[in-house]
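Numbers restart at 1 for each chain; the letters A, B, ... are given by sequence-line order, proteins then strands.
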2 protein chains.
Amino acid sequence: MYICLMYSKELLKGTLKTIILKMLSESDSMYGYQITQKVKEITEGKINLTEGALYPALHKLEADGLLTTEKKTVGNRVRKYYSLTQTGNGRAKEKVEELKEFMETLKVIVNLTPQNLAWSN
Amino acid sequence: MYICLMYSKELLKGTLKTIILKMLSESDSMYGYQITQKVKEITEGKINLTEGALYPALHKLEADGLLTTEKKTVGNRVRKYYSLTQTGNGRAKEKVEELKEFMETLKVIVNLTPQNLAWSN
DNA sequence: AAATATACATAACTTTCTTATGTATTTGTT
DNA sequence: AACAAATACATAAGAAAGTTATGTATATTT
């Protein structure tokens with residue numbers, strides 16, 4: 001069964017890394033699967049990060065020096081915990097700020113009325 | 001010279017069609033170049049739609065029956081005016097609503113604190 | 001015992017944009 | 001008058017960033 005409470009997934013494009021960085025900036029460390037579950041939880045199922053996007057993104061962020069990893073064995077299974085580097089912490093703030101500003105700009109468009117569209121030619 | 005006041009363009013991905021539909025829903029009709037200029041104007045230069053993205057998107061929306069076109073000759077030059085069909089008008093409202101909801105959900109993430117992240121395990 | 005959830009990973013493919021290029025007219029500048 | 005910049009459209013090659021599918025393996029629930 002495939003229930004999709006999500007938005008048109010196109011919208012999510014471009015926000016994934018920012019979401020990852022923000023999640024990690026509010027936590028000491030998280031592992032991949034945990035990030036997907038936390039995001040699903042706090043967005044009430046509206047954002048479901050797919051593994052095919054998440055893991056490559058985490059690897060990229062690590063390769064870029066924004067994340068470090070530490071493997072922890074729980075039972076018989078290995079979890080890979082990610083945490084922000086100092087650089088990653090700075091980048092997280094930048095990316096979140098950028099996203100906030102972008103949302104403000106989008107607001108201008110979605111709240112557009114014929115009046116404020118027409119005030120100039 | 002290439003001044004870029006824009007956000008990381010990734011964020012814009014997935015929002016183009018919604019922006020086009022919203023612009024047209026607040027106007028009788030607009031032509032392509034006019035849309036780019038209006039969007040640039042109302043966002044104070046923060047969103048610059050590129051022609052390489054805009055025109056194919058307009059063609060796609062027309063092919064999908066959401067837009068109709070009317071050519072008007074101004075001087076010696078032909079402008080292609082786009083307007084929403086009835087279907088397009090409905091779709092515009094859906095897409096804008098979807099974008100608004102998505103922005104609300106993103107707000108939950110960007111305003112996240114360790115407290116509301118930690119309330120459940 | 002079987003199905004579902006947890007946990008990671010990667011490869012093929014698609015979508016959607018960027019960048020570059022092309023054509024042509026109009027307007028502003030020197 | 002000549003040239004640059006702006007207006008106005010179009011499309012093609014390539015990049016970026018996802019989705020979908022698949023694989024592996026353990027743990028938990030039914």
Q) dT16(C) P sits how many Å from Leu61(B) CG, rounded? A) 11 Å

(Q) Test of understanding: with side-chain contact (heavy atoms from CB on, under 4.5 Å), list the residues that count as partners of Lys72(A), not counting sequence neighbours. (A) Glu70(A), Tyr81(A)

Q | side-chain hydrogen bond (donor to acceptor under 3.5 Å, both in side chains) involving Asn111(B) - partner list, sequence neighbours excluded | A | none

Q) Under 6.0 Å from the NZ atom of Lys40(A), do we count more than 12 heavy atoms belonging to anything else shown? A) no

Q. Among the nucleotides dT10(C), dA16(D), dT26(D), which one has an atom lying closest to any side-chain atom of Pro56(A)?
A. dT10(C)

(Q) Between P on dA17(D) and NZ on Lys95(A), what's the gap in Å once rounded to a whole number? (A) 8 Å

**Q.** Interatomic distance where CG belongs to Leu49(B) and P belongs to dT19(C) [whole Å]
**A.** 14 Å

Tabulate atom names and distances for all N/O pairs under 3.5 angstrom spanning the protein and nucleotides 5-9 of chain D.
from	atom 1	to	atom 2	distance (Å)
dT7(D)	OP2	Tyr33(B)	OH	2.2
dT7(D)	O5'	Tyr33(B)	OH	3.0
dT7(D)	O2	Arg77(B)	NH1	2.4
dA8(D)	OP1	Arg79(B)	NE	2.8
dA8(D)	OP1	Arg79(B)	NH2	2.4
dA8(D)	OP2	Tyr31(B)	OH	2.7
dC9(D)	OP1	Lys80(B)	N	2.9
dC9(D)	OP2	Gly32(B)	N	3.3
dC9(D)	OP2	Tyr33(B)	N	2.6
dC9(D)	OP2	Tyr55(B)	OH	3.2
dC9(D)	N4	Glu51(B)	OE2	3.3

(Q) For the OG1 atom of Thr36(B) and the OH atom of Tyr31(B), what is their distance to the nearest 0.5 Å? (A) 9.0 Å

(Q) Could you check whether Lys100(B) pairs with Glu104(B) (Lys NZ or Arg NE/NH1/NH2 to Asp/Glu carboxylate O, under 4.0 Å)? (A) no

Q | Which residue lies more 5' along DNA chain D, comparing Gly75(A) with Leu16(A) via nearest heavy atoms | A | Leu16(A)

Q: Would you kindly give the CG-to-C1' distance between Leu58(A) and dT10(C), to the nearest whole Å?
A: 14 Å

**Q.** Between P of dT25(C) and NZ of Lys71(B), the distance in whole Å
**A.** 15 Å

Q) Any salt bridge between Glu97(A) and Lys93(A), counting N to O under 4.0 Å? A) no

(Q) I need the NZ-P distance between Lys13(A) and dA17(D), as an integer number of Å. (A) 10 Å

Q: Using atom CD1 of Ile20(A) as one end and atom P of dG18(D) as the other, report the distance to the nearest whole Å.
A: 8 Å

**Q.** Value in whole Å for how far the P atom of dC17(C) lies from CG of Asn48(B)
**A.** 15 Å

